[in-house]
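Here is the structure we will look at.
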Amino acid sequence: MFTYDKQYDIIVIGAGHAGCEAALAAARMGFQTLLLTMNLDSIAQMSCNPAIGGLGKGHIVREVDALGGEMARVTDRTGLQFRMLNTKKGPAVWAPRAQADKKLYQFTMKHVLEKQERLDIMQGAAEEILMEGGRVCGIETEMGVRYLCRAAVITTGTFLKGLIHVGESQTQGGRMGDPPSRTLSDSLRRLGFEIGRLKTGTPPRVNRRSIDFSKLEVQPGDPHPLPFSFSTVKIRQKQLVCYIGYTNEKTHGVIRANLHRSPLYAGRIKGIGPRYCPSIEDKVVRFPEKTRHQIFFEPEGRNTEEYYLNGLSTSLPPDVQIAYVRTIEGLEEAQIMRFGYAVEYDYVPPTQLKESLETKRIENLFFAGQINGTTGYEEAACQGLMAGINAGQKLKGKEPLILGRHESYIGVLIDDLVTKGADEPYRMFTSRAEYRLLLRQDNADLRLMKYGHEVGLISDAYYEECLKKKEQIREMMDYLKNQKAGNKRFDALLRRPEVGIEELPWAPGELQTVPEAIRSHVELEVKYEGYIQKEIVSARKMVRLEERKIPEDFPFEKVRGLKKEAYEKLVKIRPRSIGQAARIQGITPCDISLLMVELVAAGKSLDRYDENT
């Protein structure tokens, strides 16, 4: 046994998207940080689709950027194609998405990590969590090296006892070509954590030269792409074209004829897969009425011929994959370079976490990413960022940064996880947020940059730019209210659906002095002002419930009249507020009333329960 001679404040296990953000946040907050990964060549690897953003996910990336994270900046530097999705719908659900250069993204993020002060990066497989006095004190690797720390963040992705399925074949691995973490989940189980099992999958990749693009629909990027990061002035690199194709009845026939060879339907896969990103065999079975399913043909990089077939995730045998892929128009001569596969892995049901992502069982131990039951790079990145921030806050003796559901998608995601759990892979959608008009992708900096500045991840100068932007918005809003065309105020004219901000009777050259970001923000605020105000009123009611705190040691067994089911759930989750308690599945308004009565009787709540809230 060898103990490494450097003491760390924070150790981050795993260098996927969660681990990268956690390590950078911790180091940038001033802590000596170690990022421990099984393979230095796989840092920030995009194991599945090399794309960032999308519905709900794009909002998260912009929030990560507003808090001082790195994902958005690296995406802007390495993107192949940028698109704003859902622009035909309301602005609440507009969502940025970028196809990234798979290897360039990985190497760019790795270099950012390598240059970061106070951050060491080492190769090694974590085997054991070390404890002392009920708190984490270090990590032991499979090579027998001990690294000591004051806090740790575990971000193991799909590697905990990872098992790869391709047809009848099963091999151990966290992803194709990489070994699993064989013993770390055993260590977590010995420490008393409940462990579950989930599954995800990937599609085949094909050689570009074997695709007949003339049979596919062209999908170009936006002519004036919007950057992900608020710090990026402009996307300057040339964009690549993506394509759209479809499966057909022949494709589905091949799949149906071979379902008995699918590990999913043969019962060899025990883990639960993602509901919202099912395999192609699952889609064929679940939607028999559909004669075709959409496929997105997406390049994996500028310097590779590999194309990703988004929509064809599968674990069918190689011969079946070849057979059904070649039934698709444009892929009749397809050369598969990598076969699709499914991977099963251990995870820790996230109801065992506090809202700070610290575990309830062990002090100073934090979990982030797919270990918490989520799926997706963006969901992982935001958890890693928050875990890194809150590990730092804990070591500083400060309160954790807890984002509310009314102020961020990150807050929605974490609250969903720790309050409701995840018995299937969790994916973010705009529909999960109650206050979508307040949580638009364009205002993430205005909502969250103050928090990034408070914890030390946003510089004074950068934050001053955000405050300046707020002031410019306020000034323009006031101008629209005070300026008239005839007897009509500008803001009243702008509320008309057919009137855009450019159509208002500005003085010559006047509008051009206002930055585009300010103009578009103000236009949305004015046009949707009534709806926004309704959401603000509703959000304030939620905040009042969140402010009614429940002590950590509150004796739920003393709540008279509480059903056994409600008692068990309250004890398991241990909500920190009445608002959180009300969101626990199975907790009724009657249960909340009983709880409030007991809190008031115990002198734990200063406010009387307001039925109107």
(request) Kindly indicate, with the supporting measurements, whether the criterion side-chain contact (heavy atoms from CB on, under 4.5 Å) is fulfilled by H17 and M46. (result) CA-CA 9 Å; H17 303 280; M46 304 178 105; 4.2 Å; yes
(message) The test is side chain to side chain donor-acceptor pair (under 3.5 Å); show your working for S356 and N390 and say whether it passes.
(response) CA-CA 6 Å; S356 63; N390 285 327; 5.0 Å; no
(message) Checking V412 against M428 for the side-chain contact (heavy atoms from CB on, under 4.5 Å) test, could you report, in this order, the C-alpha distance in whole Å, the side-chain angles of both residues, the deciding distance, and whether it holds?
(response) CA-CA 9 Å; V412 172; M428 178 51 69; 4.0 Å; yes
(message) Run the salt bridge (charged side-chain N to carboxylate O under 4.0 Å, His left out) test on K110 and E114 for me, step by step, so that the C-alpha distance in whole Å, both residues' side-chain angles and the decisive distance to 0.1 Å come before the verdict.
(response) CA-CA 6 Å; K110 182 173 186 282; E114 291 169 341; 2.5 Å; yes
(request) Please test I10 against C149 for side-chain contact (heavy atoms from CB on, under 4.5 Å), starting from the C-alpha separation and ending with a verdict. (result) CA-CA 6 Å; I10 299 172; C149 63; over 6 Å; no
(message) Run the side-chain contact (heavy atoms from CB on, under 4.5 Å) test on R197 and K161 for me, step by step, so that the C-alpha distance in whole Å, both residues' side-chain angles and the decisive distance to 0.1 Å come before the verdict.
(response) CA-CA 10 Å; R197 196 82 169 154; K161 292 189 182 297; 3.7 Å; yes
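Ion pairing between a basic and an acidic side chain is recognised when a charged N comes within 4.0 Å of a carboxylate O; K215 and E329 show no such pairing. Taking the charged nitrogens against the carboxylate oxygens, R432 and E379 have no contact shorter than 4.0 Å, which rules out a salt bridge. Salt bridge status for E464 with K468: absent, with no side-chain N to carboxylate O gap under 4.0 Å. At a threshold of 4.0 Å, the pair E300-R338 does not count as salt-bridged, since none of the basic side-chain nitrogens sits closer than that to a carboxylate oxygen.
Looking at heavy atoms from C-beta onward, I129 lies in side-chain contact with L184 at the 4.5 angstrom threshold. Side-chain contact between N372 and L357: present, with at least one pair of heavy atoms (C-beta onward) separated by less than 4.5 Å. At least one side-chain heavy atom of L331 sits less than 4.5 Å from a side-chain heavy atom of L309. The shortest side-chain heavy-atom distance between L403 and L67 falls under the 4.5 Å cut-off. Side-chain atoms of L417 and Q383, non-hydrogen and from C-beta on, do get closer than 4.5 Å to each other. The side-chain heavy atoms of I43 and C20, taken from C-beta on, include a pair separated by under 4.5 Å. Inter-residue side-chain proximity for L524 and R440 is flagged as met; some heavy-atom pair is nearer than 4.5 Å. Side-chain contact between H521 and K469 is absent, with no heavy-atom pair separated by less than 4.5 Å.
Here the side chain of R62 pairs a donor or acceptor atom with the backbone of F228 at under 3.5 angstrom. Remark: side-chain polar atoms of K283 are paired, donor with acceptor, to backbone N or O of G311 under 3.5 angstrom. One N or O on the side chain of D65 and one on the backbone of F230 form a donor-acceptor pair closer than 3.5 Å. Under the 3.5 Å distance criterion, the side-chain polar atoms of E306 are left unmatched by any main-chain donor or acceptor of M337. Formation of a donor-acceptor pair under 3.5 Å by the D415 side chain with backbone atoms of G411 is not found in this model. Between the side chain of T78 and the backbone N or O of A100 there is no donor-acceptor pair closer than 3.5 Å. Of the possible donor and acceptor atoms, one in the side chain of Y377 sits under 3.5 Å from a partner among the backbone N and O of C48. Judged by distance alone, with hydrogens and angles left aside, the side-chain atoms of Y8 form no donor-acceptor pair with the main-chain N or O of A152 at under 3.5 Å. At least one donor-acceptor pair closer than 3.5 Å links the side chain of D222 to the backbone N or O of M84. At distances below 3.5 Å, not a single donor-acceptor pair connects side-chain atoms of D76 with backbone N or O atoms of T232.
Rounding to the nearest 0.5 angstrom, the gap separating the CD atom in Q172 from the CZ atom in R182 is 5.5 Å. Atom-to-atom distance recorded for L113:CG and E70:CD is 8.0 Å, nearest 0.5 angstrom. Separating the SG atom in C382 from the CD1 atom in I414 is a distance of 6.0 Å, to the nearest 0.5 Å. For the atom pair N207 CG and I336 CD1, the distance stands at 11.5 Å (nearest 0.5 Å). Here the CD atom belonging to E378 is positioned 11.5 Å from the CD1 atom belonging to I410, to the nearest 0.5 angstrom. Between the CG atom of L457 and the CD1 atom of I389 there is a distance of 5.0 Å, given to the nearest 0.5 Å.
Closest non-hydrogen pair, T158 versus G174, comes out as OG1-O, 2.6 Å. The minimum heavy-atom distance linking R175 with S47 is given by the pair NH1-OG, 2.9 Å. Closest approach of A23 to T33, counting heavy atoms only: O-CG2, 4.0 Å.
The ring pair (Phe, Tyr, Trp, His ring centres under 6.0 Å) search around Y243 returns F213, not counting sequence neighbours. Shown here are the ring pair (Phe, Tyr, Trp, His ring centres under 6.0 Å) partners of H59, two or more places apart in sequence or in another chain: Y409.
The closest side-chain donor-acceptor pair between Q321 and T314, if any, does not fall under 3.5 angstrom. For R77 and T108, the side-chain atoms include no donor-acceptor pair closer than 3.5 Å.
Between Y4 and Y147, the angle of the ring planes lies from 30° to 60°, which puts this pair in the tilted group.
Each of R208, Q335, R205 was scored for a side-chain hydrogen bond (donor to acceptor under 3.5 Å, both in side chains) with E305, with one residue passing: R208.
Shown here is K238, whose NZ atom has no more than 12 heavy atoms of other residues, nucleotides or ligands within 6.0 Å.
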